[in-house]
Amino acid sequence: MKVNTTLTYEAIQAAQQRTPAWRVEDLIGGERRMDFTKPFLPEGLAGVESLDFLSMDDRRTLNQIRGHEYLSIFGLVEEFILPFVLDHARPRLRDDDHRVRALLQFAGEEAKHIQLFKRFREEFTAGFGTRCNVIGPPEAVAAEVLKRHPLAVALLILHIEWMTQKHFLEGVKDNRDIDPLFRSLLKHHWMEEANHAKLDTLMVQALGDSCSLEERMAAFGQYLELGMFLDQGLAGQLDMNLDAFSRATQRKLTESQWTQVRDAQRRAMRWTYIGSGITHPMFLESVEALDPSLRRKAEEVGPAFC
Ligand SMILES: [Fe+2]
Ligand SMILES: [Fe+2]
């Protein structure tokens, strides 16, 4: 059931130590200000450029609202990742020093990311000038997620870690158009998430090994339920984004134009948070190791979110 036999806690902990350390205050605050003349998200996630009946300024505003949403959704998910990783570490504190240190560093980094996303949201709110609402509250979302089977939660976290890798490598790494501060946030987040993705691979493997096939199937079903829960949340977030867009631009659109904006944004949000994770080859590899039939299931479900 092993995905990658070279993956060990010792090797991951060594990689963590090689990853350059950074602090939230190195990335934002003081002279470091967001540039609101630029987009915040790469077009592959924002999905605004096809809306050619909107002015360039309006498309950039919508892109920035999506940037705020990205900060907020990541803030939300980090809030359940943190307690989950701590709970996973705690029962085996004496077994393997590398495991304990690697998982505690993982948790510490996620706590830092929560603070990072909060700080960026504060700066955004101060600079954007229009209130943007977000779904939540985070504690309610965390409670809903964490009541599932640990393997289901670990799969969702693995999905999130790989999707973060994809977002950076495919849309941000070589992108010189987006706000440099936002790009720096995504880069620094990605650097640490690369190690988290490996740790999550080991977590999914260990939890899978401790379950019967029947339990693994049930847990995968719960992971899919969590995907639907996330999708419902995204539908609510879309309404909030469009409301913020309407207030920020005072734009009067026809009914058919609103429908086009809504459809394009629904697709872009589904791809950002669901499609780009569930179709990631590394995620699928871990799912296949649980049982090949589960990979086929993921491959059936994935395209609806792409
Ligand atoms: Fe993170
Ligand atoms: Fe992470």
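Bear in mind that the values here come from a model prediction, so they are computed numbers and not experimental data. Counting starts at 1 for both ligands and their atoms, following the listed order. Residues: numbered from 1 along the sequence shown.
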Parallel, tilted or perpendicular, as decided by the 30° and 60° cut-offs, for the rings of Phe74 and Tyr70: tilted
Gln205/Asp209 under side-chain hydrogen bond (donor to acceptor under 3.5 Å, both in side chains): CA gap, chis, key distance, verdict: CA-CA 6 Å; Gln205 217 163 68; Asp209 285 344; over 6 Å; no
With the Fe ion (ligand 1) as the apex, the OE1/ND1 angle for Glu78 and His113 - to 10°: 110°
Which N, O or S atom of Glu110 lies nearest to the Fe ion (ligand 2), by name: OE2
Residue that, paired with Leu253, satisfies side chain to side chain contact (heavy atoms under 4.5 Å, CB included) out of Thr259, Leu242, Leu54, Asp58: Leu54
Identity of the N, O or S atom of His196 lying closest to the Fe ion (ligand 2): ND1
Whether Phe36 and Phe128 hold their rings parallel, tilted or perpendicular, with breakpoints at 30° and 60°: tilted
